[in-house]
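Letters go in sequence order (proteins before strands), and every chain restarts at 1.
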There are 2 protein chains.
Amino acid sequence: MKNRARTPNDIGHAIRQARKAKKLTQKDLAERSGVWQETISKVENGLSDTKLETVFDIFAALDLEILVQGRSKGSADSFEDIF
Amino acid sequence: MKNRARTPNDIGHAIRQARKAKKLTQKDLAERSGVWQETISKVENGLSDTKLETVFDIFAALDLEILVQGRSKGSADSFEDIF
DNA sequence: AATATATATGATCTGTAGGGCATAAATGCC
DNA sequence: GGCATTTATGCCCTACAGATCATATATATT
């Protein structure tokens, strides 16, 4: 499952999606990542201009990684398709 | 060309790589992205905990996008391979 | 509907990112 | 070596992220 992200909001969606897929609560994720539950809530909802370090802390806890690539018009399940 | 990123540093590397590939100076990129040259320098060198918005502004100017995916031990040219 | 659990919101405080400007250091070219 | 261009540093200032705690909603569960 790969998710295209072009905005901070997309990142938030990807995080929420991955967290739910792993059946974790925000609190669980907070404990594993060292990021506050309140912060996770804001990140997932795009309510703050999150710092990279925070994003990667969360990603690590969710076993996610980023792939940087040139923009493709190509399909692939992007958030535009899902949300 | 896809680059795996698991740390802010990786993002900086990817940016520098893409910028050079497009033969742009930091100043050029600054103009296109609306992000200061000084900031770009710091981001490329991992000298600041960059905000997501800034990263995406730069990415847009470089026609880059992010793919969020589960971590794979798999090959693919990651920074571990390049740097 | 009451209770429990999960998520969101709100305030305060500290640290730091990034805009802005100046300039130093490095790199490239003749 | 000397000049031009590019990149890195340093400072000031304002805005805001995230830690932390409290509490309000919202979402199950029985």
Value in whole Å for how far the [atom2] atom of [N] lies from [atom1] of [X]:
X	N	atom1	atom2	result
B:Gln37	C:dA25	CD	P	16 Å
B:Lys23	C:dG28	NZ	P	13 Å
A:Leu29	C:dT7	CG	C1'	13 Å
A:Glu38	C:dC13	CD	C1'	15 Å
A:Lys27	C:dA4	NZ	P	15 Å

Greater than 12 external heavy atoms within 6.0 Å of B:Arg32's CZ: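 No - once you tally the heavy atoms of other residues, nucleotides and ligands closer than 6.0 Å, there are 12 at most.
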
Please check if the side chain of [X] supplies one atom and the backbone of [Y] the other of a donor-acceptor pair under 3.5 Å.
X	Y	result
A:Asp28	A:Thr25	yes
A:Asp49	B:Lys51	no
A:Arg19	A:Leu24	yes

- prompt: Quick one: how far along DNA chain D does chain A reach, first to last nucleotide 5' to 3', anything under 4.0 Å to a heavy atom?
  reply: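 Range of nucleotides within reach of chain A: D:dA17 to D:dA22.
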
- request: Considering just the side-chain nitrogens and oxygens of A:Asn45, establish if one lies under 4.0 Å of OP1 or OP2 belonging to C:dA8.
  value: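 A:Asn45 to C:dA8 OP1/OP2: side-chain N or O found under 4.0 Å.
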
- request: Respond yes when some side-chain nitrogen or oxygen of B:Thr39 is under 4.0 Å from OP1 or OP2 of C:dG19, and no when none is.
  value: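 Indeed, a polar side-chain atom of B:Thr39 lies that close.
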
query: NA contact type, A:Thr25, heavy-atom cut-off 4.0 Å: base, sugar-phosphate, or nothing?
result: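 The residue A:Thr25 makes sugar-phosphate contact but no base contact.
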
task: Under 4.0 Å between any heavy atoms, over every strand shown, what does B:Leu47 touch: base, sugar-phosphate, or nothing? Just pick one.
output: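 Sugar-phosphate, no base atom in range.
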
field: A:Thr7 and B:Glu53, any side-chain heavy atoms less than 4.5 Å apart
entry: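 A side-chain contact is absent here, since even the closest heavy-atom pair is not under 4.5 Å.
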
- prompt: Is there a salt bridge (Lys or Arg N to Asp or Glu O under 4.0 Å) between B:Glu65 and A:Arg6 once you walk through the steps?
  reply: CA-CA 6 Å; B:Glu65 68 181 8; A:Arg6 292 182 177 178; 2.7 Å; yes

